[in-house]
Amino acid sequence: MSEQISTGGAQALTDQELARRENLRRIRELGVEPYPYRFEFSHRAADLRLMGEGKESAALRVLGTYSLAGRVVAFRGSGKTAFLNIQDDHERIQVYLRKDDDAQEAGLVLGQGDAIWPVVRSLDLGDFIGVRGVLMRTKSGELTLQAVGPNGFELLSKSIKPLPFPKVEETKDESGKVIGRKSFQSSLFTDIEARYRQRYADLAVNPEVANVFRLRTAMVQEVRSYLLEQQFLEVETPTLQAIYGGASARPFVTHHNALDIPLYLRVSNELYLKRLIAGGFDRVFEFVKDFRNEGIDRTHNPEFTQVEFYQAYADYNDMMVHFQAIWQRAAKTVLKLKARRSALARGVTPEALERECQAIQAGDVPLVYQGRELTTFFGQWERLPVKTALKRKGVDIDAMADDELQDLIKRNHWELDGTFTRGRAMMLAFEEMVEPDLWEPAFVMDHPLESTPLCKVHRADPTLVERFEPAIAGMEVGNSYSELNDPIVQRRLLEQQVERGRGGEDETHPLDEDFLRAMEYGMPPMGGVGIGIDRMAMLLTDQSSIRDVLLFPLQRPE
RNA sequence: GAUUCGGUAGCUCAGUCGGUAGAGCAGCGGCCUUUUAAGCCGUGGGUCGAGGGUUCAAAUCCCUCCCGAGUCACCA
């Protein structure tokens, strides 16, 4: 390690990193601080583009002076001038810098001449700069902020490691001749592992990735707005729990030192929200991170986000209404944002865009996932009782004896885990015969009694519970019950589950006496819902993997 | 857990039959005061994921391992 070039780590520096540190040294030598404290800016790139819309240079110039700050994402220097593309908030605008010592046009002199120009020449992609100047339009018509005056240019932060900016994409004709190239149009930092591990780099160079997360946030806000408008109270419940429950899942275990007790990261907040209903809050909701110590795949991450809400005096039918309304509202908001964002690129006029948004609001624009339309998404979602769905496939559960059901399983070479029960056989048949064909939104409802211990028995069929699991594009996107509130029955069901746990069955939970006590004091009838926020984001932003809607998906450490 | 594909320069990739590695962009030096694929001239850069084996010789063939992605299985 030399005194100037500290590696700051075990790995040797690349030639590019060394070059940037040399630039940094040179800038300091010029008396310029490469990491100043603040920069006052008047506008952002998106604002400037909006203001410059349809105006020529002469009209732009009289608008006055503007300033902006952002990251250098492209640099085209030519001797005593430079065109830069600056990105702020994932929007880009061109900036023009001139050495300008002998500029003819009064007032358009950068004005720092020899002093600042070496700093401009030492810029690297990824640096942050501030620019003050006037708007203009170049020969080719691109809106550009031209730096003017002694404060026209400031270095705000030096980048000493090259970002993985995409190379240009080439279009070739049959003979292999390059007939066109474009840069910064498409994401070409494609190493998927690096993108997840270094999300900051992914976001910095792939604005459309950042947009997915902006859409996700907008979506979450819509869900929250809906629930608040419906008089639900937002609450917070423990993440660290001495007894985990509310879902069948293996927990992460940790330890509290001062109390010297094991603690679990919650697998669900369900039992706490029900306690709150017992406590007299009639409508509560919570956005929660749940943690489940299970596998990772396209639709599962060990920590994931749900919104759960509980409503006193309601049942699962009421919850279906909320569920559909929330999804449709969030989807419309996301579709509108997508339309607005792409309007300029698509050449859509403001009037046409307004009509588009009205059509989206009216539900006339279909949601598309992975190239396939969800045609009934903005209509009434089908309510699909498991038994009814099977009957349509020629399997009438109620008309079949146990041995007939067992025969059905054997004939199809299905595998039933655990011991045979009619309910398990029914769900197996549903998964094998119905689920693969589910695409349009459907409330899969009225599951067998043994599927959950937290749900009320179906009012019309004692072998079922009042539960629904909505499926969209083949994905389970939530779960809801007419919540069980009979403490005697609840105790029996939970005790049975504990027994099964002792018998070695996976994924049961310990008996939560405190939860039972709350129910014994009296709990009103209620409907409860959990919505998987990550999967919702996948559906609405058209991403095929849950990792593409998580800013920092779990990765094995480097 | 099973299985398929992948890991080569900062990024994206090529690398034939085994003969000590290439391209574009990025970088570096030079020229250039309206570029936007900037252009022109010159130029540096590699523990080919790791380890072992076969061979005169391994990015390439074999074995083991690591990491990732996909598919299946698991998943109230």
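So that the names make sense, note that chain A is the first sequence line, chain B the second, and so on, each numbered from 1. Every value quoted in this text rests on a predicted model; they were computed, and no experiment measured them.
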TODO: Check step by step if side chain to side chain donor-acceptor pair (under 3.5 Å) holds for A:Thr81 and A:Tyr96.
DONE: CA-CA 7 Å; A:Thr81 69; A:Tyr96 182 37; 4.8 Å; no
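Closest contact between the side chain of A:Arg197 and the listed nucleotides B:A26, B:G68, B:A38 involves B:G68. You'll find that the side chain of A:Tyr96 is closest to B:U33, out of B:C28, B:U33, B:U71. Comparing atom distances between the A:Glu193 side chain and each of B:A76, B:G10, B:C67 picks out B:C67 as nearest. When each of B:A76, B:U35, B:U71 is scored by its nearest atom to the side-chain atoms of A:Pro453, the top-ranked nucleotide is B:A76. Comparing B:U34, B:A73, B:G68 by their closest approach to the side chain of A:Asp297 singles out B:A73. Closest approach to the A:Ser78 side chain among B:U33, B:A73, B:A76 is made by B:U33 (side chain taken as heavy atoms from C-beta onward). Picking from B:U33, B:U35, B:C28 the nucleotide with the shortest atom distance to the side chain of A:Thr138 gives B:U35.
The side chain to side chain donor-acceptor pair (under 3.5 Å) check on A:Asp461 picks up A:Lys387, A:Thr463, with sequence neighbours excluded. Listed by chain and residue number, nothing satisfies the salt bridge (charged side-chain N to carboxylate O under 4.0 Å, His left out) test with A:Asp486 (two or more places apart in sequence, or in another chain).
The P atoms of B:U47 and B:C56 are separated by 28 Å, rounded to the nearest whole Å. Comparing B:C48 with B:A21, their C1' atoms sit 8 Å apart, to the nearest whole Å. Distance check on atom C1': B:C65 versus B:C11 gives 28 Å, rounded to whole Å. Comparing the P positions of B:G19 and B:G24 gives an interatomic distance of 23 Å, to the nearest angstrom. Of the P atoms belonging to B:A50 and B:U60, the separation is 10 Å, rounded to the nearest Å.
In this structure B:U34 sits in no base pair that meets the Watson-Crick or G-U test at under 3.5 Å. Checking B:U47 for Watson-Crick or G-U wobble geometry (two distances, each under 3.5 Å) identifies no partner in any strand. Base pairing of B:U71 is made with B:A2, judged by Watson-Crick or G-U wobble geometry with both donor-acceptor distances under 3.5 Å.
A:Gln555 comes within 4.0 angstrom of sugar-phosphate atoms only, judged by non-hydrogen atoms across all strands, and of no base. Across all strands, A:His300 comes closer than 4.0 Å to base atoms (heavy-atom distances). Within the nucleic acid shown, A:Met136 comes within 4.0 Å of at least one base atom, counting heavy atoms only.
Place A:Tyr481 and A:Ser545 on RNA chain B by their nearest nucleotides, and A:Ser545 ends up nearer the 5' end.
Between A:Arg20 and A:Glu17 no salt bridge is recorded (no basic side-chain N to carboxylate O distance below 4.0 Å).
Taking only side-chain nitrogens and oxygens, A:Lys139 comes nearer than 4.0 Å to OP1 or OP2 of B:U35. At the phosphate of B:C28, OP1 or OP2 sits under 4.0 Å from a side-chain N or O atom of A:Asn23.
Applying the 3.5 Å distance criterion, the base of B:U34 shares no donor-acceptor pair with the side chain of A:Thr81. Interface remark: the A:Glu142 side chain does not form any donor-acceptor pair with the B:U35 base, using a distance-only criterion of under 3.5 Å.
Here the side chain of A:Ser480 pairs no donor or acceptor atom with the backbone of A:Phe468 at under 3.5 angstrom.
Once rounded to the nearest 0.5 Å, the distance linking CD of A:Gln490 with CG of A:Asp512 reads 10.0 Å.
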